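Before any comments, here is the structure.
As the structure is a computational prediction, the values presented were derived from the model and not from experiment.
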Amino acid sequence: LKKHSDPKARLDALARESERHVAELIRRWQARPPEKRTSFLRKRVKPRGSAL
Amino acid sequence: MNAAPALVEIGRRLLDAKLDAVLIGNAAAALQGAPVTTIDFDFLFRPTPRNLSKLRAFARALGATVLRPYYPASDLYRVTRDDDGLQVDFMGSIHGIRSFEGLRDRADVIEIDGVQLRVASLADIIKSKRAAGRPRDRAVLQILERSLEEAFRPEGATRRARARKRAPRR
């Protein structure tokens with residue numbers, strides 16, 4: 001593996017990686033039919049409660 | 001957490017109460033293809049006396065209570081069920097959307113386990129969040145806008161764009 005020593009190049013690559021990840025996330029979500037896009041609910045946890 | 005059981009229950013109760021409402025907010029955005037999350041369900045409706053009576057019937061059928069708005073002019077009616085923390089907000093108006101009828105006409109009908117729900121378009125959700133401008137709205141705007149771009153991207157466009165990038169320049 002080629003080692004990138006330039007910190008700016010590393011951070012740019014990291015930003016591009018993050019952008020790519022978001023695009024993949026959106027594409028994966030949209031690949032499901034609308035009625036299957038239902039795992040979006042966060043559980044409301046009472047004070048001192050646990051979601052587990 | 002899977003929202004399907006709650007959406008099915010809400011959809012059935014809305015139908016039983018004959019209450020015309022359109023799902024908006026992050027729940028609607030998720031169904032329309034944006035990978036976002038939420039803790040409640042938001043609906044736009046017309047707060048006529050008849051609809052408020054239907055809203056009470058809807059809440060009764062859910063085993064929930066309707067909380068009166070702290071600021072009555074807000075036209076926000078919060079339906080909450082203590083047993084499982086279900087929260088369904090009904091709004092008479094929202095930022096950036098001029099009429100309920102317009103939003104309803106542009107909405108899609110999505111069927112979940114045989115129950116149909118009217119879900120606002122992603123473009124309307126973005127318009128509303130941009131107009132509201134609260135920090136939590138602004139926080140999701142970018143992902144909603146990118147989701148809308150992806151939804152309208154022609155099939156294979158990304159692959160073509162990548163191929164163009166890789167192609168040697170002449």
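Shortest non-hydrogen contact noted between A:Leu41 and B:Ala3 is CB-CB, 4.0 Å.
Heavy-atom neighbours of B:Gln142 CD from other residues, nucleotides or ligands within 6.0 Å: at or below the threshold of 12.
Looking at A:Ala23, both its backbone and its side chain come within 4.5 Å of chain B, counting heavy atoms on both sides. The contact between B:Ala34 and chain A is made entirely by backbone atoms, counting heavy-atom distances below 4.5 Å. For chain A, no part of B:Glu149 is nearby; none of its heavy atoms comes within less than 4.5 Å.
Between the side chains of B:Asn2 and A:Ser39, no donor-acceptor pair is found at a separation under 3.5 Å.
Contacts with chain A were tallied for B:Val119, B:Asp113, B:Ile110; B:Ile110 has the most, counting heavy-atom pairs under 4.5 Å.
A side-chain contact (heavy atoms from CB on, under 4.5 Å) with A:Phe40 is found for one member of B:Ile39, B:Leu31, B:Val36 and no other, namely B:Leu31.
Interatomic distance, A:Lys43 NZ to B:Asp84 CG, rounded to the nearest 0.5 Å: 8.0 Å. Within the model, atoms OG1 of B:Thr38 and CZ of A:Arg42 stand 6.0 Å from one another, a figure rounded to the nearest 0.5 Å.
Looking at A:Gln30, its side chain does come within 3.5 Å of a backbone N or O of B:Ser147 through a donor-acceptor pair. Panel note: side chain B:Glu150, backbone A:Ile26; no donor-acceptor pair is recorded below 3.5 Å.
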